[in-house]
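Report on one structure; see the data block that follows.
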2 protein chains.
Amino acid sequence: MSQPANAAAVAAEDASRVAARLRKIIEGHRLSPSQRRIARYLLERPAEAVFLTGNDIAEAVGISQPSVTRFAFALGFTGFPEFRDHLRAALRDGQDAAAEPTELNAVQAMIDSELRNLELLRDGLADPGRLLEVAAALAASRPLPVIGLRVSAPLAHLFGYLAAKAHPDVRVIDAPGSAMEDRLSRAADAGAAWALAFGLPRYPRELRDGLVWARRAGLRVALVTDHSVGALAEHADVVLEAPVSSQFAFDSQAAPSVLCAALVHAMLEALPTREQASIEEFENSAAERRLFLPD
Amino acid sequence: MSQPANAAAVAAEDASRVAARLRKIIEGHRLSPSQRRIARYLLERPAEAVFLTGNDIAEAVGISQPSVTRFAFALGFTGFPEFRDHLRAALRDGQDAAAEPTELNAVQAMIDSELRNLELLRDGLADPGRLLEVAAALAASRPLPVIGLRVSAPLAHLFGYLAAKAHPDVRVIDAPGSAMEDRLSRAADAGAAWALAFGLPRYPRELRDGLVWARRAGLRVALVTDHSVGALAEHADVVLEAPVSSQFAFDSQAAPSVLCAALVHAMLEALPTREQASIEEFENSAAERRLFLPD
DNA sequence: CCGCGAATGCATACTTTCATGCACGATTGT
DNA sequence: ACAATCGTGCATGAAAGTATGCATTCGCGG
């Protein structure tokens, strides 16, 4: 019943790497007619080959399953699984081939890991639909409570500072306990529909309590955190994932802070164009310019 | 740069597609603690996930194999194989889509520009000598005033939060004017030798005034900013450069926040090993653990 | 025509993988 | 404090996947 129909495939570049490996394996071996048919079959669909069982191949080629085992044996492997693992290894080697040649010092290694986090964040936003939805929802919530405790407090304040240009009533909450609960309740009473929370490791229990409280107060919760599954994500309506590397003494917050800016950016675009224009105007006003030094 | 030409990047996209599918599957399902651990494990290595058996996962995560079966069942599948086939299907679906190159959307372009900033930062730290010097100087200044106004205030607070573990008396100053001047003077009187300032665009005049005041009070000034020459840099003794992209409505602070973490990291290493050990101990103390959620 | 060896399939044993009943312990709500 | 529910691991059995002994067939050279 296990037809190749349910087998998956991998991208073309990976597939060609598998095919190359397969050719290399076969090279210099005398194969019987049946075995050549197997080889030919696999070379024709390298993308699926890595997932096929011996039975799948036998059935597809029209030979017996033991012939497949003997095929692997003839190629110098102790059995079919070992052969298949070699094909799979061709995939995995290709992925690690991105290893950087230059030696990095400790600080550079740290930055490098953050670079990879940003790459993950970027690739994860290939479809920005969810981000835009969340942004629109947050922009429409008046007021908008924003929660960030401990390490996440600066992030919440950064968001608050930026979002103030796209939202008239952002309320940053950086203290836990009853103070937070009071402010959440008051925000809900004032008409808030959503709350935004930043929950980076290590995840404070108090934040979870806060999320629970927020939802009990009738708020929906958008959560920025580094894993979409976890004790915090359980209590959020929407999760925005921003990877954090924990391999160093201190996590930096590159991805979350970028996500934060992206979120505000999206909120801005969710605004009526009239309001956008007024922001632009404010930015360039004489009053503003006097505040700042020339670039 | 919009479409990664090498095979490794394509493979990475495959992996991210598996991860995306996995997230979609998980979405909206209540998972038990063990099941969350499974989900996280798979999300962390999507490229391997499609090959793993239930037993592999159980062993790696440290749970029983039946829990893996139940995980698949909890996600709405009739069994583990069906679940795994769905992950593999994510690869197969992607094969055709991968043919046309993916153009980066606006959000991705923004992240991409931050990526380049981080690359600049990394390459600029090939010789970490200056960073270490600054870190040592800051670590030795008791107390240590840290200045960050407006957008830079969150950065200053982030630094303050992190540095508190490597320094007994960090004083974050986020308000300008006489309040700042008072606090700087008091810090100098208390024995401070250095001040750290974050000055990102747009550069507030008040920050320059603060730097001037600090130096008049006898402090040396380390400045984190995005250009080593400019109106601010003139009033600093040491400048640490952290590139910022200004092409979007809002600057994100990826590079500065990474530099911030790197700086604290370096301060930590400038510490006697005895103190480092005590930090480690504190981090792992029972009291600390109760504050946070597992994982 | 006979004999020989290689190739292959069949039947079957073995291994790995997966599913399920049951008991124990933890957590929750009353 | 007690009961109920949930989550988990262990033991076990079923199923899928793989390996191997044996018999048959085929081709080829005596």
Side-chain angles (χ1 to χ4, degrees), chain A residues 1-8 25-26 29-42 48-88 205 208-209 212-213 215-216 229-231 233-235, chain B residues 25-26 29-42 48-88 289-290 293-295:
Chain A
M1 87 180 188
S2 183
Q3 293 284 11
N6 72 356
I25 290 173
I26 292 172
H29 287 91
R30 264 193 95 75
L31 296 181
S32 74
S34 297
Q35 291 169 348
R36 271 192 294 271
R37 294 182 62 191
I38 297 172
R40 187 159 162 265
Y41 179 80
L42 294 181
E48 298 173 15
V50 288
F51 294 128
L52 298 176
T53 71
N55 239 319
D56 290 334
I57 299 173
E59 226 167 293
V61 174
I63 57 171
S64 71
Q65 171 268 321
S67 290
V68 181
T69 290
R70 289 193 267 261
F71 168 74
F73 190 77
L75 259 31
F77 300 99
T78 65
F80 177 77
E82 189 178 299
F83 162 74
R84 188 188 47 201
D85 286 348
H86 265 252
L87 291 188
R88 291 180 176 179
R205 291 195 120 84
R208 185 196 53 187
D209 300 341
V212 172
W213 183 275
R215 298 183 85 183
R216 261 211 286 264
V229 296
E234 291 279 322
H235 301 94
Chain B
I25 291 173
I26 293 172
H29 287 91
R30 214 188 120 76
L31 296 180
S32 74
S34 296
Q35 290 168 349
R36 278 198 295 261
R37 295 181 63 191
I38 296 173
R40 280 189 53 174
Y41 179 81
L42 296 181
E48 299 172 25
V50 290
F51 293 130
L52 297 177
T53 72
N55 239 321
D56 291 336
I57 299 172
E59 208 170 311
V61 175
I63 58 172
S64 70
Q65 172 267 321
S67 290
V68 180
T69 290
R70 290 180 189 121
F71 169 74
F73 190 77
L75 259 32
F77 300 98
T78 65
F80 178 78
E82 188 179 300
F83 162 74
R84 191 189 45 200
D85 285 349
H86 265 251
L87 289 188
R88 292 179 177 179
R289 270 203 300 276
R290 254 195 300 281
L293 297 167
D295 272 334

Show each protein N/O and nucleotides 25-30 of chain C N/O combination with a separation under 3.5 Å, one pair to a line.
none

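Shortest non-hydrogen contact noted between A:Arg215 and A:Glu234 is NH1-O, 3.5 Å. Between A:Leu42 and A:Phe71, the shortest heavy-atom contact is CD1-CE2, 4.2 Å.
Identified under the salt bridge (charged side-chain N to carboxylate O under 4.0 Å, His left out) test for residues 52-77 of chain B, with sequence neighbours left out: none.
Looking at residues two or more places apart in sequence or on another chain, you find a side-chain contact (heavy atoms from CB on, under 4.5 Å) between B:Ala74 and B:Gln35. For the side-chain contact (heavy atoms from CB on, under 4.5 Å) test, residues two or more places apart in sequence or in another chain that qualify with B:Ala58 are B:Ile63, B:Gln65, B:Val68.
Counting heavy atoms from C-beta outward, A:Arg37 and A:Arg40 have side chains that stay 4.5 Å or more apart.
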Under 4.0 Å protein heavy-atom contact, by nucleotide of nucleotides 3-22 of chain C - B base, S sugar-phosphate only: ----SBBBB-----SBBBB-
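A:Asp85 has its CG atom 15 Å from the P atom of D:dG17, to the nearest Å.
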Mind listing the side-chain donor-acceptor pairs of residues 77-87 of chain A below 3.5 Å, one per line with the distance, residues two or more places apart or on another chain?
residue	atom	partner	partner atom	Å
A:Thr78	OG1	A:Glu82	OE1	2.8

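Taking a 6.0 Å sphere around CZ of A:Arg216, one finds it holds 12 or fewer heavy atoms contributed by other residues, nucleotides or ligands.
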